[in-house]
Amino acid sequence: MLYLSTRGHSDRKRFCDILLEGLAPDGGLYLPERYPRIDDAALTRLRTAYHEQGYAELAFQILSLYIDDIPAADLKRLCEKTYTAEVFGTGEIVPLRHLEDGLWLEALSNGPTLAFKDMAMQLLGNLFEYELARRGEQLNILGATSGDTGSAAEYAMKGKAGVRVFMTSPSGRMSPFQQAQMFSLQDANIHNIAIEGVFDDCQDIVKAVSNDLEFKRRYKIGTVNSINWARLLAQVVYYFAGYVQATETNDQKVSFTVPSGNFGNVCAGHVARMMGLPIDRLVVATNENDVLDEFFRTGVYRVRGSADTHETSSPSMDISKASNFERFVFDLLGRDAARTQALFGDALARDGRFDLSADPHFAEAATRYGFASGKSTHADRLATIKDNFVRHGVTIDTHTADGVKVALEQRGDAAVPMIVLETALPIKFAETIVQALGQPPERPAKFEGIEALPKRVQLMPADAEAVKDYIRRHVPEAA
Ligand SMILES: *Cc1c(COP(=O)(O)O)cnc(C)c1O
């Protein structure tokens, strides 16, 4: 299997080559040349694999279709090491929970940092360690986080040979629980850098350091952001796991509603559907930052300025643009790389927007690709959290609440189960839960008292040179 760039100007590459890369050199995103098709017999085999051998086996079988430059026995071992009941809390890994007629929650947030990003990041940590050892190389991951991504990356990479993490975050702006999760890590290969500034300052620093090509090369700087294909591929697996739990036979369809920001999670659903998984609709749920809802309603994709990007109570969906969206638009346009370049490379740089409303392909987003969308606000979130608690005795987090709110609006045919992806546990966003319910959410036992643990964090001014200097002092220079 080879991977191509959505903009058409980069060489085709194999999986392990793009594993350690971010964007393609032409600025595009990598996608497989074609989506492997799952026929009825293959789907039955996957159903049996999940029910009889478990999630790790399902993951191995799906990943094998896309990865041919890791020996099968090694890939299988990496999957088995990643998806254990010990790390993810249950043998099912992603159990379904029934909410009400036709409505289910798929739990993706029982990993080490209590957000769905663990599902992919834990595998990425093991893949990185494996591939770096095979190459005899090192990688220093530099990132910026406002919460979930940074902690998922740190818990995936901690203690891994060949990898260091330098994670910047805006000082004092993450929730106390999120700060405690990250800063209490004592592993020598994890470096927390609190920047005196806001999240944008952290992102600017990462950009400035990455644009210094000489520094980047000498210190082997890499990233683990959501455009990484391996992360997206790992997420495809739980759409299959959700499907085989919600159905008994392959002639049944299901729909998914996905709380969305950068379009990484729901893009994995799109890939699963392209492979032939019987998905009826993929519903994109946004918060007040409704870039994606606007597109699916109107055909206009408009990147927001920072004044137009709202800080909300579902903060992991606070985006100004959706960095994985280009992958879907490439498919929507019949894989026309020149047009993808014209839209994402040229029009967005020039006008900050493009408009597909008059393009015949736009209607296919709904008709052929099954997409629908909806939006949720702070008031909706509070009402939905309360309603679920009162009617079902279930406390959901703020992001999942955005999903449930939109799913209820879009549910349609009750014969088609609607599965809402649960993307975080409520304890991460306790303040809003208290606002909704008048009481804090339950805290998993292993997180009891983490706010009191000793913290390991370096405070620094919003200055790329200071961060570079810190990296120089903590990375033995490569030969
Ligand atoms: C990252 C995140 C999202 C958004 O996922 P995308 O892949 O960026 O669309 C939603 N909810 C939570 C809790 C997250 O951490």
Side-chain angles (χ1 to χ4, degrees), residues 29 105-122 124 143-156 169 174-175 177-178 181-182 199 224-236 238-239 256-272 282-293 295-296 309 312-328 371 373-376 381 384-385 396-407 420-430 432-433 441:
L29 304 182
L105 269 188
E106 183 172 354
L108 305 180
S109 328
N110 296 308
T113 73
L114 310 183
F116 89 98
K117 292 190 172 69
D118 290 328
M119 292 301 305
M121 209 69 95
Q122 287 288 317
L124 202 67
T145 189
S146 53
D148 289 345
T149 308
S151 57
E154 292 189 353
Y155 280 74
S169 59
M174 291 188 295
S175 77
F177 186 87
Q178 286 176 316
Q181 262 190 325
M182 288 177 58
F199 177 59
V224 287
N225 46 29
S226 78
I227 57 155
N228 183 292
W229 166 254
R231 274 181 69 180
L232 204 138
L233 179 58
Q235 293 168 356
V236 171
Y238 54 68
Y239 284 87
F256 288 93
T257 298
V258 186
S260 294
N262 273 317
F263 204 76
N265 197 351
V266 73
C267 194
H270 164 66
V271 171
L282 287 166
V283 181
V284 177
T286 74
N287 65 16
E288 290 88 335
N289 297 292
D290 57 353
V291 182
L292 290 167
D293 180 43
F295 175 79
F296 286 106
T309 308
T312 75
S313 47
S314 44
S316 300
M317 290 155 54
D318 291 350
I319 47 97
S320 56
K321 61 181 169 52
S323 50
N324 275 289
F325 189 51
E326 181 169 339
R327 286 192 161 109
F328 171 65
F371 273 92
S373 73
K375 167 184 177 175
S376 162
R381 230 162 275 143
T384 308
I385 291 168
I396 53 176
D397 107 287
T398 53
H399 307 76
T400 309
D402 290 332
V404 171
K405 187 263 179 182
V406 173
V420 179
L421 298 187
E422 173 215 69
T423 56
L425 288 198
I427 186 66
K428 295 194 88 165
F429 306 97
T432 309
I433 305 299

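Order of appearance sets the numbers: ligands from 1, and atoms from 1 within every ligand. Numbers for residues simply follow the sequence, beginning at 1.
Close approach of ligand 1 to Ala424 (heavy-atom distance below 4.0 Å) involves ligand atoms 13 (C). Atoms of ligand 1 found under 4.0 Å from any heavy atom of Asp148 (numbered from 1 in listed order, with element): 12 (C), 13 (C), 14 (C), 15 (O). Each of the following atoms of ligand 1 lies closer than 4.0 Å to a heavy atom of Met317: 10 (C). Listed by atom number, the atoms of ligand 1 under 4.0 Å from Asn262 heavy atoms are 6 (P), 8 (O), 9 (O). Which parts of ligand 1 touch Phe116 is read off a 4.0 Å heavy-atom cut-off, strictly below it: atoms 1 (C), 2 (C), 3 (C), 5 (O), 7 (O), 14 (C). Of all atoms in ligand 1, listed by their number and element, those nearer than 4.0 Å to a heavy atom of Pro259 are 4 (C), 10 (C). Those atoms of ligand 1 that come under 4.0 Å of a heavy atom in Phe263, given as number and element, are 6 (P), 8 (O), 9 (O). Close contacts between ligand 1 and Gly264 involve ligand atoms 6 (P), 7 (O), 9 (O) [criterion: under 4.0 Å to a heavy atom].
Taken from OG1 in Thr384 to CG in Asp402, the straight-line distance is 8.0 Å, to the nearest 0.5 Å. For the atom pair CG of Leu421 and OH of Tyr238, the computed distance is 6.0 Å after rounding to the nearest 0.5 Å. The distance from the CE atom of Met121 to the CD atom of Gln235 is 9.5 Å, given to the nearest 0.5 Å. Remark: Tyr155 OH to Thr113 OG1 distance equals 8.0 Å, nearest 0.5 Å. In this structure, Lys428 NZ and Ser109 OG are separated by 8.5 Å, a value rounded to the nearest 0.5 Å. Taking CG from Asn289 and NZ from Lys375, the interatomic distance works out to 9.0 Å, rounded to the nearest 0.5 Å.
Salt-bridge check for Lys321 with Glu326: failed, with every basic side-chain N at 4.0 Å or more from each acidic carboxylate O.
With a 4.0 Å heavy-atom cut-off, ligand 1 is reached by no atom of Lys428.
Taking the six-membered ring where tryptophan is involved, the planes of Phe325 and Phe263 are perpendicular, since the angle between them exceeds 60° and thus also 30°.
For Asp293 and Thr286, the side-chain atoms include no donor-acceptor pair closer than 3.5 Å.
Closest protein heavy atom to atom 4 (C) of ligand 1: Gly261 N, 3.6 Å. Taking atom 12 (C) of ligand 1 as the reference point, the nearest protein heavy-atom neighbour is Thr423 OG1, 3.5 Å. Counting only heavy atoms of the protein, atom 14 (C) of ligand 1 lies nearest to Lys117 NZ, 2.8 Å. Among protein heavy atoms, atom 7 (O) of ligand 1 sits closest to Asn265 N, 2.9 Å.
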